[in-house]
Each structure stands twice: as structure tokens, then as C-alpha cells.
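Before any comments, here is the structure.
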Amino acid sequence: MNKLNHVAFIMDGNGRWGKKRNKGRNFGHLKGVETVKKIVKYSIKLNIPIVSFYVFSSENWRRPKKEIIFLFKLIQNYFDKEIKSIVNEGIKINILGENKKLPKDIKSTLHKTVYLTSKNKKITVNLAINYGSKNEILHSLKNIKKKINLKNFEKNLYTKNMPNPEILIRTGGHQRLSNFMLWQLAYSELYFLKKLWPDFSPIDLKRIIEKYKKIKRNFGKI
Ligand code: IPE
Ligand code: IPE
Ligand code: MG
């Protein structure tokens with residue numbers, strides 16, 4: 001049986017989900033947050049040490065300003081409201097991405113959340129916000145003070161010393177990585193689902209993990 005340390009999610013399809021119900025794209029984002037909550041809870045139950053969620057890409061700045069503002073407000077309100085229960089549940093929040101360019105308010109909320117949850121041990125939840133894998137790779141190269149080699153390069157990625165995701169799940173029907181963890185996913189098992197993110201459920205995750213556990217992972221061997 002394959003070990004599982006890290007599951008990564010490209011949560012795509014919120015906008016379509018909301019539009020399909022004639023309630024607008026942002027309604028889908030609201031629902032998407034509920035899915036994240038459910039999946040984190042279930043991941044704790046399964047003893048998965050790390051989960052990563054692609055929240056906002058470096059390319060998502062191309063969206064209408066109104067939607068961007070809504071997304072940031074949504075993240076900020078969520079943490080302002082739920083920080084106590086996040087701390088109590090033992091969840092450690094980690095941010096991956098370029099936080100310098102984020103609006104001041106959300107930056108300070110995220111900073112506070114990371115600080116208050118830093119000692120938690122039940123699960124690490126990575127949130128990729130203003131994240132772009134190509135930027136991450138450049139960031140690492142610029143920051144390497146010592147010799148450029150694999151170990152030093154990986155130490156300077158946003159994911160630092162974390163194990164790479166064994167599983168990547170993308171909802172929403174597209175089979176692409178959209179600039180997410182290009183380096184870290186080099187040997188991951190990829191799962192693409194037609195389902196839109198708000199419809200993704202713990203049972204879907206359970207099924208994927210069951211399949212994953214039985215896969216023969218070769219890493220070049222036979
Ligand atoms: C959520 O899905 C991803 C985020 C950027 C928050 P989308 O907003 O891309 O939804 P679709 O793909 O347009 O339906
Ligand atoms: C990927 O979804 C980014 C996030 C889930 C945050 P997008 O909807 O932005 O991806 P593309 O643009 O369709 O590839
Ligand atoms: Mg999308």
C-alpha cells in the first residue's frame with residue numbers, strides 16, 4: 001500500500017456552479033469554502049498530514065476587479081470569524097505565494113492566522129494565494145545563497161521541506177495544471193474530475209485515495 005503524506009487540490013468550477021444556479025459566480029465561491037471546510041475535516045479523520053489548496057493564482061489577477069475583491073474579502077472574513085475554531089482543531093495554516101502584492105487587510109489577517117496556528121500539529125493546510133509555480137521557481141533560484149543543487153533549490157521553494165504531493169486532484173473538467181506546483185507534482189498521481197468544486201465531497205476523496213493506495217508507483221524502476 002502506498003503511503004500518503006500530501007494531497008493537493010486545484011479547486012476549479014466555483015464560478016460555473018454559481019452561474020448554473022442563476023446566482024452568479026460569487027455564490028459558487030461561497031459554496032466552495034464550505035467544500036474546503038468539509039475536506040479538511042475529513043483529511044484530519046484520515047490522518048493525512050498535509051493538504052494544499054490552490055486558492056488564487058498569479059494569473060487570477062486577470063479577472064474582473066469585483067470578483068477579485070469578493071474573493072479576498074471571503075478569505076479574510078472566513079479567518080476573522082473562524083480563527084478560534086481553527087486553532088482549537090489543531091490546524092496549522094501555511095501560505096504559499098507572493099504575499100507582498102496582496103491588499104494590506106488580507107495580508108495582516110493571513111499573517112495573524114499563520115502565527116496563531118504555527119504550533120498546531122494535527123494537519124498542515126497550505127493555501128496557495130497569489131501563487132504561481134513559475135514565480136516560485138524563480139523565487140527559489142534568486143534566494144539560494146549556497147550552491148545550486150536539488151536540496152538547496154527545494155529548500156527555497158514555498159513548500160520548503162515538505163514532502164511533495166503524492167496525489168493531485170483537479171475538479172471542474174479541465175486537464176491542466178494552470179501553473180500549480182509544477183516542480184512538486186513531477187511524480188504525483190493526477191486525478192481529474194468533471195465535478196465542479198462545490199460538489200466535491202469526502203466520498204470522492206475517499207474513492208481517489210483507495211485507488212491511489214493500490215497503484216504501482218515505479219519512479220523509473222520496474
Ligand atoms: C475557483 O473556480 C477557482 C478560483 C480561482 C477561486 P473558478 O472561479 O475558476 O470557477 P470556473 O472555473 O470559472 O467555473
Ligand atoms: C486554477 O483555476 C486556479 C485556482 C483554482 C486558484 P483557473 O480557473 O484560474 O484556471 P484556468 O485559468 O482555467 O486554467
Ligand atoms: Mg476556473
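Whatever order the structure lists them in is the order used to number ligands and atoms, beginning at 1.
- Atoms of ligand 2 lying under 4.0 Å from any heavy atom of R176, numbered from 1 in the order shown and given with element: 11 (P), 13 (O), 14 (O).
- Between F180 and Y54, the ring-plane angle classifies as parallel under the 30° and 60° cut-offs.
- Contact analysis leaves H174 out of contact with ligand 1, as no non-hydrogen atom separation drops below 4.0 angstrom.
- Between E189 and R217, at least one side-chain N (NZ, or NE/NH1/NH2) sits under 4.0 Å from a carboxylate O, which counts as a salt bridge.
- Cluster membership check: L205 shares its hydrophobic cluster with M11, using side-chain heavy-atom separations under 4.5 Å among Ile, Leu, Val, Met, Phe, Trp and Tyr.
- Of the protein's non-hydrogen atoms, the one nearest atom 7 (P) of ligand 1 is D12 OD1, 3.6 Å.
- Q175 contributes atom CD, which lies 10.5 Å from atom CG of L177 (distance to the nearest 0.5 angstrom).
- Within the 4.0 Å heavy-atom criterion, the part of N60 lying near ligand 1 is the side chain and not the backbone.
- Residue nearest to atom 8 (O) of ligand 1, selected from K19, M11, R63, R16: R63 (by heavy-atom distance).
- For the 3.5 Å distance criterion, the side chains of E136 and W183 fail to qualify, holding no donor opposite an acceptor.
- Within a 6.0 Å radius of NZ in K195, more than 12 heavy atoms belonging to other residues, nucleotides or ligands are found.
- For the pair G13 and ligand 1, a heavy-atom separation below 4.0 Å is found.
- No more than 12 heavy atoms of other residues, nucleotides or ligands shown are found within 6.0 angstrom of NE2 on H111.
- Scanning the protein for heavy atoms near atom 10 (O) of ligand 1, the closest one is G15 N, 2.9 Å.
- The shortest separation from a heavy atom of R62 to ligand 2 is not under 4.0 Å, leaving the residue out of contact.
- Looking only at protein N/O/S atoms, the ones less than 2.8 Å from the Mg ion (ligand 3) make 1 in total.
- With a 4.0 Å heavy-atom cut-off, ligand 1 is reached by no atom of K20.
- For the side chain to side chain contact (heavy atoms under 4.5 Å, CB included) test with T159, the passing option among L157, N156, N161 is L157; the others fail.
- At least one N or O atom of R25 sits closer than 3.5 Å to an N or O atom of ligand 1.
- Of the polar atoms of Y54, none of the N or O atoms is found under 3.5 Å from an N or O of ligand 2, judged by distance alone.
- Remark: atom 12 (O) of ligand 2 lies closer than 4.0 Å to no protein heavy atom.
- Note: Y187 and F219 have tilted aromatic rings, judged against thresholds of 30 and 60 degrees for the angle between ring planes.
- Not one N or O on the side chain of H6 forms a donor-acceptor pair closer than 3.5 Å with the backbone of I50.
- Taking the centre of each ring, Y212 and Y191 stay at or above the 6.0 Å mark.
- Scanning the protein heavy atoms around atom 4 (C) of ligand 1, the nearest turns out to be V55 O, 3.9 Å.
- In this structure, R63 fails the cation-pi test against W61, since its NZ or CZ atom is not both closer than 6.0 Å to the six-membered ring centre and inside 45 degrees of the ring normal.
- Residues H139 and Y158 place their aromatic rings such that the two centres sit under 6.0 Å apart.
- Under 4.0 angstrom from ligand 1, there are no non-hydrogen atoms of L196.
- Looking at T117 and N120, their side chains never bring a donor and an acceptor atom within 3.5 Å of each other.
- Residue contacts with ligand 2, taken as heavy atom pairs separated by less than 4.0 Å, involve F56 solely via the backbone atoms N, CA, C and O.
- With ligand atoms numbered from 1 in the order given, ligand 2 contributes 10 (O), 11 (P), 14 (O) to contacts under 4.0 Å with heavy atoms of S178.
- Not a single N or O atom of S57, backbone or side chain, sits closer than 3.5 Å to an N or O atom of ligand 2.
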